[in-house]
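Report on the following structure.
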Amino acid sequence: KSPFTSLLGMSQLMATMSYNLNPEQFSDYAKSIYQSGQRLFELLENLLEWSRSQMDQVTFEPEAQDISALVQRNVELLHQVAEQKGIGLVNEAPGVFINADHHMLDTVIRNLLSNAIKFTEESGSITVTAAEKGDRVEIAVVDSGIGMAPEQIDNLFKIDSTQSTKGTKGESGTGLGLLLCKDFVDRH
């Protein structure tokens, strides 16, 4: 509800008081509305994907994927969000090819990067790496974020105890993104 509240509140202010706002205030409100809209879109996208996954309506179509290119697309997509917090976002994944479902892997990388941005303090860093481990590839999203308490880790993938923790700038979430990631990784 929080992103909706922000979106509605800011748009109402712009609609009812636009004549009293100076250009800087108007721009700040517009940015806030845009950010709330982005968060709502991500939430809706995760909710729909997770729902489809739970109903076995997501098809698994593995094909050759270049990890570095896939990570880079997501780094570019989320670069502006990271930049707003002064976070360095780096792709160090080598051009390794794996057999994976593009859509699922893209969703996993995007959600992990979004979480890393959410829980990394200003001026922090996030690096994505990949390493071949036998017939598998291990992808890691490493950040300088705030980490998790042991009880959070224990309940991380339990749907009945999914809780959201506020990000370093008060960002909200539902916990569905990580459940979706787990589901998609399990399918692989």
Side-chain angles (χ1 to χ4, degrees), residues 3 6 30-50 52-53 58 60-133 136-148 156-157 164-188:
S6 177
K31 285 177 189 173
S32 181
I33 288 171
Y34 175 72
Q35 290 168 350
S36 291
Q38 272 186 312
R39 286 193 299 273
L40 283 168
F41 181 76
E42 289 171 13
L43 171 62
L44 181 61
E45 194 172 53
N46 282 338
L47 183 58
L48 291 173
E49 281 297 317
W50 183 77
R52 288 180 58 226
S53 174
V58 177
F60 180 65
E61 299 175 359
E63 58 186 15
Q65 302 292 325
D66 178 351
I67 295 295
S68 183
L70 195 131
V71 168
Q72 189 59 37
R73 278 192 300 276
N74 281 285
V75 164
E76 290 169 5
L77 176 71
L78 296 169
H79 174 75
Q80 187 176 19
V81 179
E83 195 174 78
Q84 289 172 353
K85 287 180 79 173
I87 297 170
L89 191 53
V90 179
N91 175 11
E92 290 184 0
V96 174
F97 280 83
I98 63 168
N99 197 31
D101 182 284
H102 173 80
H103 176 71
M104 288 183 187
L105 189 56
D106 189 56
T107 300
V108 169
I109 299 293
R110 185 179 62 253
N111 274 299
L112 293 177
L113 284 174
S114 292
N115 272 5
I117 293 168
K118 179 178 172 180
F119 294 107
T120 298
E121 296 282 354
E122 288 187 13
S123 303
S125 64
I126 301 168
T127 304
V128 182
T129 63
E132 293 184 79
K133 305 274 184 169
R136 297 176 182 259
V137 173
E138 181 179 280
I139 302 169
V141 177
V142 181
D143 62 61
S144 61
I146 59 175
M148 290 187 276
L156 200 56
F157 298 115
S164 179
T165 304
K166 295 277 186 197
T168 58
K169 286 238 172 192
E171 305 98 327
S172 62
T174 61
L176 278 179
L178 288 178
L179 287 172
L180 186 60
C181 287
K182 182 182 184 325
D183 186 42
F184 284 177
V185 168
D186 287 347
R187 287 178 187 241
H188 279 83

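We number each residue from 1, following the sequence as shown. Only a predicted model underlies this, so the values are computations on that prediction, with no experimental measurement involved.
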Could you check whether any side-chain heavy atom of L112 comes within less than 4.5 Å of a side-chain heavy atom of L178, counting everything from C-beta outward? yes
Counting only heavy atoms not in Q84, do more than 12 sit closer than 6.0 Å to its CD atom? yes
Apply the test side chain to side chain contact (heavy atoms under 4.5 Å, CB included) to residues Q65 and F97: give CA-CA distance (whole Å), side-chain angles for both, the deciding distance (0.1 Å), then the verdict. CA-CA 5 Å; Q65 302 292 325; F97 280 83; 5.8 Å; no
Output for pair (N74 CG, S114 OG), nearest 0.5 Å, gives 8.0 Å
Heavy-atom pair with the smallest gap, counting every atom of L89 and L113: CD1-CD2, 3.8 Å
Shortest non-hydrogen contact from I67 toward P94: CB-O, 4.3 Å
Within-4.5 Å side-chain heavy-atom neighbours: V96 and S68: no
Could you report the tightest heavy-atom contact between L105 and A100, atom names first, then the distance? CD2-CB, 4.0 Å
Please assess D143 against I117 for the test side chain to side chain contact (heavy atoms under 4.5 Å, CB included), listing each intermediate value before the final yes or no. CA-CA 8 Å; D143 62 61; I117 293 168; over 6 Å; no
Roughly how far, to the nearest 0.5 Å, is CG of L70 from CZ of R110? 10.0 Å
V71 versus A93, closest heavy-atom pair with distance: CG2-CB, 4.3 Å
Rounded to the nearest 0.5 Å, what's the gap from CD1 on I139 to NZ on K133? Could you check? 12.5 Å
Scanning both residues in full, the closest heavy-atom pair of A130 with V137 reads CB-CG1, 4.0 Å
Mind checking the CZ-CG spacing from R136 to N99? Nearest 0.5 Å is all I need. 12.5 Å
Within a strict 4.5 Å, meaning less than it, do heavy atoms of the R187 and D101 side chains meet? no
Value rounded to 0.5 Å, distance of CG in L180 from CG in N111: 6.0 Å
Would a 4.5 Å heavy-atom cut-off, applied to side chains only, mark E122 and I87 as touching? no
If you measure from CG on D106 to CZ on F184, what distance do you get to the nearest 0.5 Å? 10.5 Å
Before giving the answer on side-chain hydrogen bond (donor to acceptor under 3.5 Å, both in side chains), spell out for K85 and T168 the whole-Å C-alpha distance, their side-chain angles and the decisive distance to 0.1 Å. CA-CA 10 Å; K85 287 180 79 173; T168 58; 2.5 Å; yes
With a 4.5 Å heavy-atom cut-off, do I126 and V141 have their side chains touching? yes
Can a donor-acceptor pair be found, under 3.5 Å and without considering hydrogens, that links the side chain of T127 to the backbone of V142? no
Could you give me the CA-CA distance, side-chain angles and deciding distance for M148 and L156, then say whether side chain to side chain contact (heavy atoms under 4.5 Å, CB included) is met? CA-CA 10 Å; M148 290 187 276; L156 200 56; 3.9 Å; yes
